[in-house]
Amino acid sequence: MAGKSGRVISAEQKFSLNKFLFRWETFLVIVFIAVNIMNITISNRYWSVNGLFNATNTFLCVAFLTLPMCFVLLIGEIDISVGSQVALSAVILGVSFNAGCPMWLSLIIAVAVGALCGLLNGIILVTFHELNPMIVTLGTQILFRGIAEIILKDQATGGFTSVKWFSKLYWGKVGGVVPIMFLVFVVCAIIFGVVMHKSTFGRRMFAVGSNQQAAKYSGIHIPKMRIIIYTLAGLFSGICAIFVAAQMGSARPNIGTGYEMDAIGMCVLGGVLTDGGKGNFIGAMIAVFLLGFLEYGLGLVNISSNIMMVVKGVLLIFAVMVPNLKFGKLHKRDSETV
Amino acid sequence: MKKIFGLVLCLTMTASLLAGCSSKTDNTSSNKAKTPTTAATTGGDGYATTATYAIIVKSAGNPYNQKESEGYKQVIEANGGKCVIQEPKSATAEDQITCINNAISQGVDCIAIAANDTDALEPALTEAKNQGIHVLSLDSATNANSRKVFVNQAGTTQIAQALMDAILDISGGSGDWAVLSAASTATNQNAWIDGMKTVMQDSKYSKLNLIGVYYGDDEYQASCDQTEAILAADPNIKVICAPTTVGIMAAAKVLQDKGLSGKVKLTGLGLPSEMADYIGDDDQHSCPYMFLWNPIQLGNLAAYASISLVNGTITGAADQSFTVPDKTLGDNGSYKITAAADGGTEIILGAPFKFEPSNIAEWAKVY
């Protein structure tokens, strides 16, 4: 439909059905359904409520990191130190617990340590704003794990299983069916989704990600925003650490290795652009479950983990390739109309 | 057009990959035999079974682990059971927990696991136990609470003793030496290193000086780097002891590449097929001799122990004994469950086997 001004923006509405079909989230849902159908076909143990909920527990620990990671990617930055933050938080959790702190206090300390790590990232990036976030967080990635290793010297700190309610955080189920962790995740995800798409803060993030200069001149306080987002990433690393510690009943400095890449991978597959400014929270959440169930299904038929990595890799390449394919087509169409 | 072609190509690739995966159909599902007594009575040697057994190794792509799981599978399938092999993508407790959860979902009757971490698997394995699954560990033990029995490839003391004697012999009685281990969290490596430190208390070893323990994380490149670090730390080093198959191979390569084979010698635990080129008595070879057990036999023994647990022949308590049909194992096929140092129980495969220039060629063909 051509507008009164005769400008080409109207072309977007003209192809709205096309746009819907080409929506990345639509594609994800289709792949999600396809993966489930495949899993049901190859294993008759797949389709059980209990099994699926157990499966969610194995990948939701990492998924807690995707929530703030969506924000970080959305403003066009990256945080690859979250895995080490998880390790450091978990180690501090264990150390403070074994030093005599009650478990609830240790948990608060762990989350605080995570948040502090994130805050440090934020402060460094804001103070030296010419630094690349990738390099800074690479540095803190090594730093945080180094501190964790200095504290524990390659040893484990354990005994968490003696606190029954703490183990229940990971292993416990409401009504014997729905894991507590799943409920916590759903609540957090809803909050993050609402903030990203329905709040002023969310709109500002999109603005910053699309064009930082423009956002700056339209009065958005970017440094404050970056500090908040990086601190959030740290805070959720602390929460992730709590669940990982509850899962294993102990903590070691080498836990959480590679979590950052898993989290980024889930976001990217979910359609959050690493360049910033574009992304849909729902997409990222679908991607979390898509990858998780895919891995679970293949694990049920004992597919080697090497093949699993290939499958995940191919999916990720898709995630990067298909939007480009789409933009290429639209671009071509645009140039034809002009 | 090119892009669409690329997309189609990728899709086909994924599809064929998945098709390849799915052809390995779920053979574990229909089979749930949790009636130990009936299964036991049908067996020739008392090892007939219709149950499903899972073996979880340390990581994917580790040849030593593959031999273990082969040995395990061999015995399980020969006796009529179903065997599933789970390989975690990296050698961490977290990835093994995913494998344990997968095994639980598949409804297996028994899990045999080579633990990457002593304590971290306890909650997951307790969950398995609550589902009525028998749990035992092999190669690297879980803590005593989370297993019924540990199938030990060799007594810690036997290995520590053999390695210390080798170091004493190779160094000529005195000098500096270092340990190149796997991950700092690896249960078995740490037990051996502690055992060696205990053996070293004896005055016989008083002239030996341990300069430190280095960790190569069972990764080839990291182990090479750590070997370089040892050489840099102490130019007078005489012997490197690597009680890990990946580590010893990496160290051997570094020593021979640098032409240090005449000066620095190597011993430890290694795979004969990987070490054949490095074992020799002259200055061209860095490793005079090394030790290992037979991982296939370890898998075999673990499988017999698993079936015995499922069939109810043993419970894993100390002082029970059982006999395996393979008379090359143990004391003419007979084994006794003994108390382990960590408070649990264990079954010891036997003393470590010495690989030297005279027998290496023959064993290199085996594994």
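Predicted, not measured: the structure shown is a model, and the values here were computed from it. The basis for the numbers below is simple: all heavy atoms, side chains too, and nothing from hydrogens, waters or symmetry mates.
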Spacing of [atom1] belonging to [X] relative to [atom2] belonging to [Y], to within rounding of 0.5 Å:
X: B/Thr92; Y: A/Arg252; atom1: OG1; atom2: CZ; answer: 11.5 Å
X: A/Tyr170; Y: B/Ile97; atom1: OH; atom2: CD1; answer: 6.5 Å
X: A/Leu298; Y: B/Asn102; atom1: CG; atom2: CG; answer: 9.5 Å
X: B/Asn101; Y: A/Phe59; atom1: CG; atom2: CZ; answer: 11.5 Å
X: B/Asp117; Y: A/Asn254; atom1: CG; atom2: CG; answer: 7.0 Å
X: A/Met308; Y: B/Glu87; atom1: CE; atom2: CD; answer: 10.0 Å

So what's closer than 4.5 Å to chain B heavy atoms on [X]: side chain, backbone, both or neither?
X: A/Ser305; value: both
X: A/Gln247; value: both
X: A/Ser167; value: neither

In terms of heavy-atom contacts, does NZ of B/Lys148 have more than 12 from other residues, nucleotides or ligands at under 6.0 Å?
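More than 12 heavy atoms, drawn from other residues, nucleotides or ligands, come within 6.0 Å of this atom.
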For A/Trp171 and B/Ala124, work out which heavy atoms get closest and say how close.
CH2-CA, 3.3 Å
For the student: nearest non-hydrogen atoms of A/Gly249 and B/Pro123, plus distance:
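Smallest heavy-atom distance, with atoms named: N-CG, 3.9 Å.
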Below 4.5 Å, heavy-atom pairs only: which of B/Pro88, B/Ser105, B/Cys99, B/Ala54 has the largest tally toward chain A?
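If we count pairs closer than 4.5 Å to chain A, B/Ser105 comes out on top.
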Between B/Gln86 (side chain only) and A/Gly299 (backbone N and O only), is there a donor and an acceptor less than 3.5 Å apart?
yes
Assess the side chains of B/Gln106 and A/Asn302: does a donor N or O sit below 3.5 Å from an acceptor N or O?
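Per modelled atom types, B/Gln106 and A/Asn302 side chains form a pair under 3.5 Å.
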